[in-house]
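Note sheet for the following structure.
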Number of protein chains: 2
Amino acid sequence: MRADAVRTRKQLLDAAAELFAEGGAEVSVAEIAERAGIGKGTVFRHFATKEDLIAAIVGDLLDDLVDAAEKRGSLREFMVYGVGRLADNRALCDVASGSVRHPDVQAGVERLNEAAQRLVDRAETREGVTGRDVVLLMTGVHQAAAPLRDAEPELWRRYLGFLLDGLLDTGSSAPHSRT
Amino acid sequence: MRADAVRTRKQLLDAAAELFAEGGAEVSVAEIAERAGIGKGTVFRHFATKEDLIAAIVGDLLDDLVDAAEKRGSLREFMVYGVGRLADNRALCDVASGSVRHPDVQAGVERLNEAAQRLVDRAETREGVTGRDVVLLMTGVHQAAAPLRDAEPELWRRYLGFLLDGLLDTGSSAPHSRT
DNA sequence: AGCTAAGCGGACCGGGTGGTCAGGTTATGC
DNA sequence: GCATAACCTGACCACCCGGTCCGCTTAGCT
């Protein structure tokens, strides 16, 4: 790959990551190209399809979450981190809601489910809770708080608290204790 | 209003209600007109804008939920009913996710929040829970289960159970409180 | 320096959208 | 039955989208 192509590709990926984070996967290719300072045709030289570009961006986000699942100690910590990421990245919300059907993305979600499962195995949760449940419920918590994202950006923490009290089977802290 | 116009309007509203329920608010006006057996121009004779049509349909759905909140005894029953409605009506999901900005719809949501508040007042919930929280959390529960809507259509019941255990402060069957 | 292929840009294409309008049709009051 | 206004229609418009393509530029090897 030629040196200038590498530079161009980086500009493209940076712009796409930024715009997808702000506006979700519906951001137009033209807009991304403009932000990257390149032509629209160039976008399709690097990625055959818009979906492929989305998959490249979202794949990194999912990898980051998998890392978090493996490095963070507790299920609770992981969920706090995960919902936080959902809250500041709309593209992640799009994959969570199933509107991104790219195979790479689905594989990434599968890896995330498995990583979450490992956390569940180590945690004391209600009977029958799976890693997949945890991942889905994180998106639910975020979606609930999303309409007030601007007015109350920290609302999801409260909602995640409600859920965790119903989900975790902690012998220590009583479920309904404040914060 | 002329008699034939009344009939036409009904056909339009029926078709729109059906299609919005199945496919959400993104269903095209052309599609609605076709299903109703009328011309596209006729749609705009009855509703100045597509948003107005959506608001008319969604307004009825919200009224139904307000009725449910007033007629159902318990908060739990209401939430089961509400999430069930979300599960079988995509237009309702769209208003829940905030993608419908019509003032009539916002007013409807506000009425729903108030009705939910009355249920909360009568229920034993965790401190500080509001009717608005309840409405938002219903959408969250649904959104969490939505990606598996086809594979496991009843999944939301399980997730709603988790949430209710964290939300309700039932003196009788304390969920996990080993106190 | 010069050759060549890789890289780039933006006009262009087909398809789909919400919305408009001139002109034909029909219900309804008289 | 007739006049007329309300009503309906579908061709049409402007706009936006993802994706293509060809002519121009330029990096990099020799």
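Throughout, protein chains are lettered first and strands after them, A, B, ... in sequence-line order, and every chain is numbered starting at 1. Bear in mind the structure is a predicted one, so any value in this text is a computation, not a measurement.
Between D94(B) and R90(B) no salt bridge is recorded (no basic side-chain N to carboxylate O distance below 4.0 Å).
The CG-C1' distance, from D52(B) to dG18(C), rounds to 13 Å in whole Å. If you take CD of E34(B) and P of dG16(C), they are 13 Å apart, rounded to a whole angstrom. As rounded to whole Å, 13 Å separates atom C1' of dC7(D) from atom CD of Q11(B).
Among pairs with a residue in residues 19-34 of chain A, those fulfilling salt bridge (Lys or Arg N to Asp or Glu O under 4.0 Å) read E22(A)-R35(A), at least two apart in sequence or across chains.
R85(A) places a side-chain heavy atom less than 4.5 Å from the side chain of D88(A).
Q117(A) and N113(A) are not linked by any side-chain donor-acceptor pair at a separation below 3.5 angstrom, with hydrogens and angles left out of the test. Defined by atom type and a distance below 3.5 Å, a donor-acceptor pair is present between the side-chain atoms of T130(A) and D133(A).
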Worksheet item: How would nucleotides 8-21 of chain D be written as a contact map, 5' to 3', with B for base contact, S for sugar-phosphate-only contact and - for no contact, using protein heavy atoms under 4.0 Å?
Response: BBB------SBBB-
